[in-house]
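We name chains A, B, ... by the order of the sequence lines, and we start the count at 1 in each one.
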Number of protein chains: 2
Amino acid sequence: IIKTVNLRKVYRSFNVETVALESINVEIKEGEFVSIMGPSGSGKSTLLNLLAMLDKPSSGSIAFMGTEVSTFSDRQMAQFRKRFLGFIFQNFNLIDELTILENVELPLQYLGLPKAERRKRAMEMMERLEVAHKKQFFPSQLSGGQQQRVAVARAVVTNPYLLLADEPTGNLDSAHGQEVMDILSKLNENGTTVILVTHSAQNAEYSQRTIHLFDGQVVTENINHVN
Amino acid sequence: IIKTVNLRKVYRSFNVETVALESINVEIKEGEFVSIMGPSGSGKSTLLNLLAMLDKPSSGSIAFMGTEVSTFSDRQMAQFRKRFLGFIFQNFNLIDELTILENVELPLQYLGLPKAERRKRAMEMMERLEVAHKKQFFPSQLSGGQQQRVAVARAVVTNPYLLLADEPTGNLDSAHGQEVMDILSKLNENGTTVILVTHSAQNAEYSQRTIHLFDGQVVTENINHVN
Ligand SMILES: Nc1ncnc2c1ncn2[C@@H]1O[C@H](COP(=O)(O)OP(=O)(O)OP(=O)(O)O)[C@@H](O)[C@H]1O
Ligand SMILES: Nc1ncnc2c1ncn2[C@@H]1O[C@H](COP(=O)(O)OP(=O)(O)OP(=O)(O)O)[C@@H](O)[C@H]1O
Ligand SMILES: [Mg+2]
Ligand SMILES: [Mg+2]
């Protein structure tokens, strides 16, 4: 489903260049559950943003289902993201002016679902993540962990083809963290391809294999025994 | 150093009342290292914000070194915070318009330290947390974990009398997480009173005792054997 060839990302600011990623060659097959680990600053979020077409590489290529991403127009990329992708950001990225329910319904609105169906699916996922009682509140009125669970609900409510999750349990107690990981592995069992960035070895165990990044490069990959 | 009596905090929005804290009676002695644990939404950040005088209780009282906080004027509270307190927020709260170095120097500026001394102390702490190489960058140009380490540097650079830390390692890999906890326990050995909110039992082990919150109430307290 995704194949990168010599992917490189350089950030330029003032006259300083930061090489965030250097010749990354990874391939993710349809239906796989892959995790990415690595020290803080090693390039995990940068790689995830490129795989989700939220940013463009400095050089090298990314192909989705055989088609080179650089040939997509911005409009095509936006369409592709809305139809196929779910993304859990490291800093949640909730829309402050919308209620919790509106935040979770938003991706379903893009898919053109009727209001009653939207509401039902959004509430189901919010019940599961124990934030349904906060449906009329705004993100700034929730605790850190509650906001993270809303971000997870919003990303998975469309039952995406490909789910990219950046540290989805960082602010959660172990019980809620477990619940989020159970949801990700359930989605994967039903066919969703999942790419998970995490610092937790326990979370990485849920995946079939782990790609280790260090200073912007893939250093090792290992297969996790369980799956 | 801190004593609360029947502390209660209620958030009101659109006729809905959320009781975040209910009759909290805790006492923190000078030089102690205390941790607070509890499920997401149980009132940990709310309690920490009240103890740091960043918010006002709905009822009940908080006394600092014997003086009732509600008798302080806003100006006195701001003075007290700048001189005695260090705070690590759950969502970092870095100032986007300032560089990393300026963010870390800011609390030292409030204390009126000369520029050369400020710069030296800020850089020392940034070296220790491995973010010195990012000194001219802005917060939005750093990874999640790097931003968290800058937030820790800014809170501890003044060598505060009382340090309040809300989930200071949530976005960090285990090596950086360890470094942050080592810094907190070193400060405590030198006399700083530390109150740590965390979901990690490993982090809580660094403290002398742990207060457990559930649905806004203190349910148990336990002494940690190590310290
Ligand atoms: N501004 C607000 N308006 C309304 N309710 C709020 C507000 N801020 C917090 N709350 C509610 O108060 C309760 C306690 O929140 P708090 O942020 O203290 O939780 P927490 O223990 O820090 O959780 P976490 O581990 O998720 O960070 C939660 O139910 C939350 O939804
Ligand atoms: N906008 C930017 N401008 C300049 N440098 C950047 C920018 N965004 C990220 N970087 C740098 O690129 C490198 C990789 O960052 P990235 O966010 O991918 O790390 P990460 O592995 O996700 O770390 P963490 O575990 O802390 O979230 C870091 O050194 C970071 O400072
Ligand atoms: Mg990251
Ligand atoms: Mg909190």
Side-chain angles (χ1 to χ4, degrees), chain A residues 11-16 18 20 37-49 89-92 99 129-131 133-150 166-167 169-177 179-180 197-202 212-214 216, chain B residues 11-16 18 20 37-49 89-92 99 129-131 133-150 166-167 169-177 179-180 197-202 212-214 216:
Chain A
Y11 293 104
R12 259 174 259 291
S13 91
F14 311 107
N15 290 325
V16 181
T18 307
M37 294 187 81
S40 165
S42 55
K44 303 182 297 295
S45 295
T46 301
L47 179 56
L48 215 60
N49 285 337
F89 295 90
Q90 193 169 2
N91 57 0
F92 314 151
T99 66
L129 286 158
E130 295 180 32
V131 284
H133 63 302
K134 295 286 178 187
K135 66 173 189 284
Q136 291 308 333
F137 286 84
F138 291 87
S140 64
Q141 297 178 303
L142 266 58
S143 79
Q146 289 166 338
Q147 291 181 36
Q148 187 154 46
R149 281 180 278 146
V150 172
D166 197 345
E167 204 66 79
T169 65
N171 277 298
L172 298 182
D173 55 89
S174 54
H176 284 113
E179 178 60 26
V180 167
V197 160
T198 185
H199 287 304
S200 146
Q202 229 178 321
H212 291 271
L213 289 184
F214 190 84
Chain B
Y11 293 105
R12 255 174 263 291
S13 90
F14 315 110
N15 299 332
V16 177
T18 309
M37 295 187 80
S40 164
S42 56
K44 302 183 298 296
S45 295
T46 302
L47 179 55
L48 216 60
N49 285 336
F89 293 90
Q90 194 170 4
N91 57 0
F92 315 151
T99 67
L129 286 157
E130 297 181 27
V131 284
H133 62 301
K134 296 285 177 188
K135 68 174 192 284
Q136 290 309 334
F137 286 85
F138 292 88
S140 64
Q141 297 178 302
L142 265 60
S143 79
Q146 290 167 339
Q147 290 182 35
Q148 187 154 44
R149 281 181 277 147
V150 172
D166 197 344
E167 205 64 77
T169 65
N171 278 296
L172 298 182
D173 54 274
S174 54
H176 285 114
E179 178 60 29
V180 167
V197 160
T198 185
H199 286 306
S200 146
Q202 230 178 322
H212 292 272
L213 289 183
F214 189 85

Heavy-atom cut-off 4.5 Å, strictly under: side chain, backbone, both or neither for B:Val16 against chain A?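 The answer is the side chain of B:Val16.
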
I'd like to check the ring pair (Phe, Tyr, Trp, His ring centres under 6.0 Å) partners of A:Phe92; sequence neighbours left out, ordered by chain and number. none

Run the side-chain donor-acceptor check on residues 135-145 of chain A: report pairs under 3.5 Å with partners two or more places apart or on a different chain.
unit_1	atom_1	unit_2	atom_2	d
A:Gln141	OE1	A:Phe138	N	3.0
A:Gln141	NE2	B:Ser13	OG	3.3
A:Ser143	OG	A:Gln146	N	3.2
A:Ser143	OG	A:Gln146	OE1	3.4

Donor + acceptor pair across side chains of B:Gln90, A:Asn171 (<3.5 Å):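 Yes, A:Asn171 and B:Gln90 have a side-chain donor paired with an acceptor closer than 3.5 Å.
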
With chain A as the partner, which of B:Thr169, B:Asp173, B:Thr46, B:Val131 has the greatest number of non-hydrogen pairs under 4.5 Å?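 Heavy-atom pairs under 4.5 Å are most numerous for B:Asp173.
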
Note: A:Thr18 and B:Lys134 closest approach over all heavy atoms is CG2-NZ, 3.7 Å

